[in-house]
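Worksheet: one structure, shown below.
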Amino acid sequence: MTLGTPVRRIDGVAKVTGAARYASDEPVANPAFAYLVTSSISRGSIQAFQLEEAHAVPGVIDILTYQNIGTGFKKAKGPDGGDTTEILESSRSWHNGQIIAIVLADTFEAAREAANKVQVTYQEETPSATFDSAGVQVAEHKPQRSPDPTKGSATQAFANAPIKFEGHYSTPTQHHNPIELFTVTCAWDGDHLTIYEPSQFMAGSAASAANQFDLPPDKVRAISRYVGGAFGSKGPNPRTHWIARAARRIGRPVKLVPTRDQGFTIATYRAETRHAIKLGADRNGRLISLSHEGWEISSRPSGYNVSGVETTARMYACPNIHTAVSVVHADRNTPGFMRAPPETPYMFALESAMDELAHELRLDPIELRRINDTQVDPVDGKPYSSRSLMQCFDQAAAKFDWKRRKQQPGSTRAGDWLVGFGCATSCYPSNVGPAAARVALTSDGKATVDIAGHEIGTGAYTVVAIVAARTLGIAPEDVTVRMGDSDLPPLMIAGGSNNAASASLVVAKACKEILARRASSPTASHRIEVYAEHVPEGLPPDAISAMNKGKPSMLGGASRKDVTAYALGAHFVEVHIHSQTREIRVKRITSAFAAGTLVNSLTAYSQFMGGTIWGISAALHEATEIDPKTARYANGNLADYLVPVNADIPEVDIIMVPESDTRVNALGIKGIGEIGIVGMNAAVANAVFNATGKRIRDLPIRVEKLL
Ligand code: MOS
């Protein structure tokens, strides 16, 4: 067994037969059901609740509001650890759809009926919905991991550049719609709390509740054996605390299954962004100056931002770099992580601009990337741990038959349809975080692995089984993997595409220790058990205990001292646009990725493919519209929020470019969860330009923008 061999999911049968338990499937004794009441205004305050009619509904147990829940609650934290739009904590309405009351009843139906009978009197203020609305506040941002990259003198170099390009780009609000809703069930047994919720961070979910209730960590257990889609939306969050508090208050387990519509305002989402790009080049296309400024929408109290300039500044060789990011505070819910949070919007801007520059220079866009390709981080001079960008472009271009593309836009037709080819760079930082695992091997060759990992649909159980099997020299079927339980040894948050690397490194370490023990005393024991911890070099040595306290840490991308670590890729798209109606159809996709070691090529293929499909969706379909007057989402439901269906997606051709990286980590794993989406939006926009000569700089690209 070698890494990379396709292995079917070990939990596949459990999933398709319904045996896999998702959080809200977990049975608890005698649960009460919660239903959320949300703010119908955007900015303002609650003057009064009229609860009599609601209380009169048979089966209603209690209605929690800020007026009756008492004090002593610790402030909720946003996805960046900062302030957020708290729920139930005051009379303040920060945004439309904020949770303002929680109704508890014997049945879901009674709770829902009573919630609809809660009457609220508000004092309403004029809200600021988005960019350009009166009353928004523009603030400097707090950089995420490293300061905004700068180098040389970008302004002067741009002024002197023989070829100059300037462009403005924008990306819309987008909302998570994972199949599994944002559920949570809490049950107390004395002072011991059990939480069932879909979670991307088992240790964090438990620690966050322990902190809220001043409990020792071993008094809280979070369980999340399977997660029905996460993509950044299922981190620790204050809803859990309120449901736990409700359960303690009524002395009964409480189960919350919010509606899909409520998911648009009670959970996090991808913020709307704007970009100003300036590229200066010499006549051969070599970049002389790069400037990328970004603006991101956030809520009033939260400074959450993704600052993707950390990535765009280091994609191409360039001696003069300027970047800046600003946060624009509006009366919105707090945004948060959504698949490749920084790279998806910021690479749209850069990769569109690179295509525009190539057009101005009459260069093939692939050649412009080749001229500016680099094996050295242009910002700080570190080597890339490995970087196979041009291998991705060349292999995908050959398979896609890119040579059929005509440089002149609008010059290829198929009957009534205009045909366009487009391409773009894809990338994602390769991250790794702390992890612990317990592995046991019995003399009959069966192994058990315990790790508080996260199966968010990626095939995480199978990855762990493969690594254990390969290291121990047994078959994956002989490995039992237990995950999704905070009582197990902790693993870093399933974000930043780190979990395959982080889990594999610690599991391999534990398995090697088992082999060493067996070798030193071959006859000693029937069962060898090893607990191992792995903290990547460069992280604080106490990273495991910090993680147990809910504080995640990871290293990768540009934040490492020794190398800059990224996976890279190239997207190719053919679009057909009807010459009269401007209907847009994606005809073909070929995408190539080089992401180091792929633990399981079967699920890796699915991850890449899923990402590229979401990229098409981001380019052509998805946008949450906000009413500029009321600051309410106009299409905050899955019926009106466009996502692609099968007919929108042609066959997706994924090329997995072999890449061996000995520097990124001991197993050469770069992570693949997020790269697939990055740059696809630009590849589509570039193809639309090639088809029509019309450059769309504002996503999504819809028929009306092409008329
Ligand atoms: Mo991902 S958006 O880091 O879950």
Side-chain angles (χ1 to χ4, degrees), residues 78-81 144-145 171 173-180 182 197-205 224 226-237 263 267-271 273 296 298 304-308 310-311 334-348 426-435 453-460 463 484 491-503 547 552-559 565-567 595 603 607-608 610-615 617-618 622 669-681:
D80 60 339
Q144 298 293 290
R145 297 206 284 188
T171 66
T173 307
Q174 295 181 340
H175 272 84
H176 286 285
N177 276 284
I179 293 175
E180 184 191 23
F182 298 104
E197 68 178 357
S199 174
Q200 288 177 254
F201 190 23
M202 301 312 307
S205 287
S224 180
Y226 296 93
V227 181
F231 305 107
S233 69
K234 285 170 176 166
N237 70 84
T268 54
Y269 63 97
R270 193 192 295 284
T273 68
E296 306 178 23
S298 187
Y304 175 82
N305 68 91
V306 297
S307 40
E310 181 178 315
T311 287
T334 300
F337 308 121
M338 186 155 151
R339 205 175 201 171
E343 294 77 15
T344 301
Y346 280 75
M347 284 291 280
F348 169 67
S426 179
C427 67
Y428 196 78
S430 308
N431 292 305
V432 63
H454 316 92
E455 167 46 16
I456 58 176
T458 50
V463 160
L491 172 64
M492 173 56 189
I493 189 170
S497 302
N498 82 84
N499 264 191
S502 308
M547 183 163 62
S553 59
M554 68 182 180
L555 209 56
S559 70
Y566 274 83
T603 44
Q607 283 290 102
F608 290 135
T612 60
I613 291 170
W614 201 347
S617 179
E622 283 185 65
I669 299 169
K670 283 187 168 179
I672 57 170
E674 287 163 275
I675 186 171
I677 189 176
V678 179
M680 180 54 95
N681 42 15

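All ligand and atom numbering here is 1-based and tracks the order in the structure. Computed from a predicted structure; not experimentally measured.
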* For salt bridge (charged side-chain N to carboxylate O under 4.0 Å, His left out), just list the numbers for Lys234 and Glu180, CA-CA rounded to whole Å, side-chain angles, deciding distance to a tenth of an Å, and then say yes or no. => CA-CA 10 Å; Lys234 285 170 176 166; Glu180 184 191 23; 3.6 Å; yes
* Asked: Name the residues in contact with ligand 1, where contact means a heavy atom under 4.0 Å away: which are they?
  ->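 Residues within 4.0 Å of ligand 1: Gln200, Phe231, Gly232, Phe337, Met338, Arg339, Pro341, Ala494, Gly495, Gly496, Glu674.
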* Non-neighbouring partners of Glu343 that pass salt bridge (Lys or Arg N to Asp or Glu O under 4.0 Å), sequence neighbours left out ->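 None.
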* Asked: Looking at side-chain heavy atoms only, is the closest gap between Phe231 and Arg270 below 4.5 Å?
  ->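 With C-beta onward as the side chain, the pair stays apart.
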* Would you say the side chain of Leu491 lies within less than 4.5 Å of the side chain of Ser502, judging by non-hydrogen atoms? ->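 With C-beta onward as the side chain, the pair touches.
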* For Tyr346, what residues pass the ring pair (Phe, Tyr, Trp, His ring centres under 6.0 Å) criterion, not counting sequence neighbours? ->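 Only His275, His292 meet the ring pair (Phe, Tyr, Trp, His ring centres under 6.0 Å) criterion with Tyr346.
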* Using ring pair (Phe, Tyr, Trp, His ring centres under 6.0 Å) as the criterion, list what pairs up with His454, not counting sequence neighbours. =>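 In terms of ring pair (Phe, Tyr, Trp, His ring centres under 6.0 Å), with neighbours along the sequence ignored, His454 is linked to no residue.
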